[in-house]
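What you see is a predicted model; the values in this text were computed from it and never measured. One-based numbering, in listed order, for ligands and for the atoms of each.
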Amino acid sequence: MNQTIAREDLESLLRWYVDQGVDETIGEEAIDRFAAPAPQAAPLPVQQQAPAAPTPIRPAPAAPAPLRGPVPIESPQLVEDARALAQRCNSVAELEAAVRAFEGCALKRTAKNTVFADGVVGSPVMIVGEAPGADEDRLGKPFVGVSGQLMDRMFDAIGMSRERDLYITNILFWRPPGNRTPTLAEQAICMAFTRRHIELARPRVLVLAGGTAAKSVLDTTEGIMRLRGKWTSLSLDDGSAVPTLPTFHPAYLLRTPASKRQSWSDLLSLDKKLRELGIR
Ligand code: URA
């Protein structure tokens, strides 16, 4: 075999992988996911009582994603399916099981883990970010990479932590390949679950981290530069409303440290709001 040609072939294959968003190896053996049988949908767990006190959630297992069936075609019907499924859930635990069993979002096929949430269910503050990155995908928890570590330090500065007072999720439960921007269809499907997630977690205050999360949750075309730092009220489908604060994404702050001043002002505004609500 001609080594030079083989090497070129390998290089071009690697380039193709990277172009497709495959940017790391996850196992020694290739898995033919198209040859695998379609999984059975997991039944929803029996309805549970709302916990009397905030309960730390267990970290999602960092097990490899199960083998799955054909690529789902994203369509408005999938959004309706997701909405109907989410509406049938009466607790965060039920919703988590429904999201983990859901096969209607194509992102799940390329992700290693479903990244549902971290922190304390029932916390007064719920943070909603954009999408898991490589670290979150590997560990099955949101905001555990460098931007998450910055976010932890920022909240620590106002005396809050994910172990005690924060509940953290993303508008997407699966990592987009190569961290590409999620399509509107992917966002719409996951948003059906996220809106229900907010209803069931019942935060007193919602923080939207970054422009994509803010636009998607608030259903607006306004950019984060205009939205950040301004309190708004998010109306939910169950008739409740939650005070909501869009702010910069920590990844943006890592790229643009000068903007940390505005984020600090947002954190102080959050602290003030929590005091007004009698939470601190
Ligand atoms: N960025 C996000 O928006 N969410 C994460 O979980 C990690 C990085």
Side-chain angles (χ1 to χ4, degrees), residues 21 23-24 57-62 65 92 95-96 99-100 105 107-108 110-121 123 125-156 160-163 166-184 186-191 193-195 197-198 201 203 206-218 220 223-225 227-228 234 244-257 259-260 262-263 266-267 270:
D23 53 7
E24 63 182 311
I57 59 165
R58 264 180 277 133
V92 169
L95 189 78
E96 178 170 1
V99 168
R100 289 185 185 282
C105 183
L107 291 177
K108 194 179 183 188
T110 47
K112 252 178 266 175
N113 271 305
T114 297
V115 178
F116 184 73
D118 193 26
V120 184
V121 180
S123 290
V125 178
M126 181 171 183
I127 303 170
V128 182
E130 181 179 336
D135 293 318
E136 290 77 18
D137 186 38
R138 194 168 53 249
L139 298 172
K141 288 209 257 180
F143 282 106
V144 289
V146 277
S147 63
Q149 287 157 21
L150 173 60
M151 198 171 81
D152 286 347
R153 289 199 298 278
M154 288 164 62
F155 277 90
D156 182 56
M160 303 189 88
S161 76
R162 67 172 81 197
E163 288 77 26
L166 301 173
Y167 184 57
I168 306 170
T169 189
N170 284 307
I171 58 165
L172 291 174
F173 302 104
W174 300 279
R175 182 195 183 203
N179 296 341
R180 66 161 168 74
T181 304
T183 66
L184 290 180
E186 288 158 356
Q187 291 184 41
I189 290 169
C190 291
M191 188 48 59
F193 291 110
T194 299
R195 286 184 69 87
H197 199 174
I198 299 166
L206 192 65
V207 174
L208 304 175
T212 306
K215 279 186 190 170
S216 200
V217 172
L218 299 175
T220 177
I224 190 65
M225 293 297 169
L227 293 172
R228 73 136 280 280
L234 176 71
T244 299
L245 181 67
T247 190
F248 289 141
H249 193 285
Y252 171 75
L253 297 177
L254 288 170
R255 294 192 302 272
T256 323
S259 300
K260 285 183 183 171
Q262 287 152 297
S263 291
D266 295 348
L267 281 171
L270 171 67

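Using a 4.0 Å cut-off between heavy atoms, E130 contacts ligand 1 through both its backbone and its side chain.
Side chain of D118 to main chain of K141: no donor-acceptor pair is present (N/O by atom type, distance under 3.5 Å, no hydrogens or angles).
Checked for salt-bridge contact, D156 and R153 miss the test: no charged N lies under 4.0 Å from a carboxylate O. Using a cutoff of 4.0 Å between basic side-chain nitrogens and carboxylate oxygens, E186 and R180 are scored as salt-bridged.
Under a 4.0 Å criterion applied to the non-hydrogen atoms of G129, ligand 1 contributes the atoms 3 (O). Close approach of ligand 1 to P142 is summarised as follows: ligand atoms under 4.0 Å from at least one heavy atom of the residue are 6 (O).
Residue, atom and distance of the protein heavy atom nearest to atom 4 (N) of ligand 1 are N170 OD1, 2.8 Å. Looking from atom 5 (C) of ligand 1 to the surrounding protein, the closest heavy atom is A131 O, 3.3 Å.
Under the side chain to side chain donor-acceptor pair (under 3.5 Å) criterion, S263 pairs with no residue, sequence neighbours left out. Residues passing the ring-ring contact (aromatic ring centres under 6.0 Å, His included) test with H197 are F116, Y167, sequence neighbours excluded.
When all heavy atoms are compared, the tightest approach of A201 to M126 is CB-SD, 3.9 Å.
By the 3.5 Å distance cut-off applied to N or O atoms, S147 is not counted among the residues near ligand 1. An N or O contact shorter than 3.5 Å is missing between P132 and ligand 1 by distance.
Assignment of H249 to the shell around ligand 1 is supported, since a heavy atom sits closer than 4.0 Å.
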